Protein chains: 2
Amino acid sequence: MTQVDDIDRQLLSMLHADGRRTFSEMAPEVGLSVAAVKRRIDRLRETGVITGFTVQVDQTKLGLGIGAFVELSCTGSTPVGEIVRTAYRAPEVQAVFTIAGDPDALVQVRVRDIEHLQQVIDGLRRAGHVTGTKTLMVLGSWTRES
Amino acid sequence: MTQVDDIDRQLLSMLHADGRRTFSEMAPEVGLSVAAVKRRIDRLRETGVITGFTVQVDQTKLGLGIGAFVELSCTGSTPVGEIVRTAYRAPEVQAVFTIAGDPDALVQVRVRDIEHLQQVIDGLRRAGHVTGTKTLMVLGSWTRES
DNA sequence: AGTGAAAGCTCCAGCGG
DNA sequence: CCGCTGGAGCTTTCACT
């Protein structure tokens with residue numbers, strides 16, 4: 001377990017709101033020098049608290065207008081890694097969560113249209129070990145911004 | 001619908017892998033000048049394709065070791081906004097997805113421990129209009145990094 | 001841990017093709 | 001739409017507290 005103090009949390013919160021905020025902008029807000037802020041963020045990266053920086057894209061503007069979650073049920077003998085690897089092969093799959101209980105996995109997908117969704121689901125079902133799926137179509141989503 | 005060409009897609013892909021990559025680093029990779037890259041990214045922001053930049057944090061290192069999805073079922077008369085607003089009030093809630101069919105919403109949460117999870121679920125159940133919940137505990141997760 | 005300053009690099013706005 | 005250029009601002013490293 002790594003030591004993360006209040007100033008680190010402040011920095012993480014600022015970067016969460018804007019991942020490109022500059023050190024020189026954050027420094028006065030936390031009452032430290034620019035160099036100190038840089039060292040803290042370098043350390044957060046080295047200790048694995050920060051795993052990376054990324055851009056947030058509105059997928060609907062790229063023609064991937066439909067989101068869905070697919071619950072996968074698998075045969076009892078299927079290893080976890082197998083489930084993930086299989087699902088992950090499809091580029092439409094955004095994330096895979098393995099689950100305790102029923103279902104065995106929750107797969108988040110993003111597709112162009114209903115036909116495309118059908119293809120992706122068919123692909124998941126064809127993967128060996130899958131005994132059943134249930135699809136939850138996303139109508140709207142709200143992700144915490146803070 | 002906004003025009004997004006192949007170079008834009010390349011830039012988005014690079015920023016997805018590292019949201020702090022500099023314009024001058026990306027420019028030679030796409031064969032454009034620094035100023036042209038900046039103009040494209042500014043435009044992607046203005047047109048709403050890019051909604052922001054953020055930092056990726058390993059929540060387990062911050063003591064929020066347990067993730068879960070809670071499926072919410074609500075009374076038929078409940079408006080969508082009501083569901084979202086209610087769930088969203090709890091800071092443990094990371095994201096809310098409204099769903100077509102059954103369940104009515106999928107709520108992603110992140111908590112310290114099982115007791116904490118119990119509290120959050122109780123909170124969601126107490127919110128008016130909720131007729132039932134089903135909790136999916138996350139054992140592992142893989143998010144596309146590319 | 002923290003500061004401050006210098007060198008080098010990046011950004012950005014304006015002008016022109 | 002693109003590139004070029006100069007001034008401003010940011011990052012990074014260093015020696016030091």
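Every value quoted in this text rests on a predicted model; they were computed, and no experiment measured them. Within every chain, numbering begins at 1; the chains are lettered A, B, ... in the order of the sequence lines, protein sequences first and strands thereafter.
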Earlier contact from the 5' end, DNA chain C, for A:L32 and A:R20: A:L32
A:R39 CZ to D:dT11 P, straight-line distance once rounded to whole Å: 16 Å
Note: A:R40-A:D5 ion pair, threshold 4.0 Å (strictly below): yes
Selected nucleotide, minimal atom distance to A:A35 side chain, candidates C:dG2, D:dC10, D:dT13: D:dT13
Residue-phosphate contact under 4.0 Å: A:S24 side-chain N/O, D:dT11 OP1/OP2: yes
Flag, side chain of A:Y88 to backbone of B:T143, donor-acceptor distance under 3.5 Å: yes
Nearest-nucleotide 5' precedence on DNA chain D, B:I7 against A:E25: B:I7
A:D5 CG to C:dA1 C1', straight-line distance once rounded to whole Å: 11 Å
B:D6 and B:Q10: side chain donor to acceptor below 3.5 Å: no
Side chain of B:R40 - closest among D:dC10, D:dC1, C:dG14: D:dC1
Nearest-angstrom distance from the residue atom CD1 of A:I41 to P of D:dT13: 14 Å
Interatomic distance, B:R21 CZ vs D:dT11 P [rounded to whole Å]: 18 Å
Sugar-phosphate, base or nothing in reach of B:A36, heavy atoms under 4.0 Å: sugar-phosphate
Heavy-atom donor-acceptor pair, B:R125 side chain to B:V130 backbone, under 3.5 Å: no
Atom-to-atom span, CG of B:D42 to P of D:dC1 - whole angstrom: 12 Å
Between C:dT3 (P) and A:K38 (NZ): distance, integer Å: 15 Å
d(CZ, A:R43; P, C:dG2) in whole Å: 8 Å
For atom CZ of B:F23 and atom P of D:dC10, their distance in whole Å: 14 Å
Electrostatic pair B:E82-B:R85, nearest N-O below 4.0 angstrom: yes
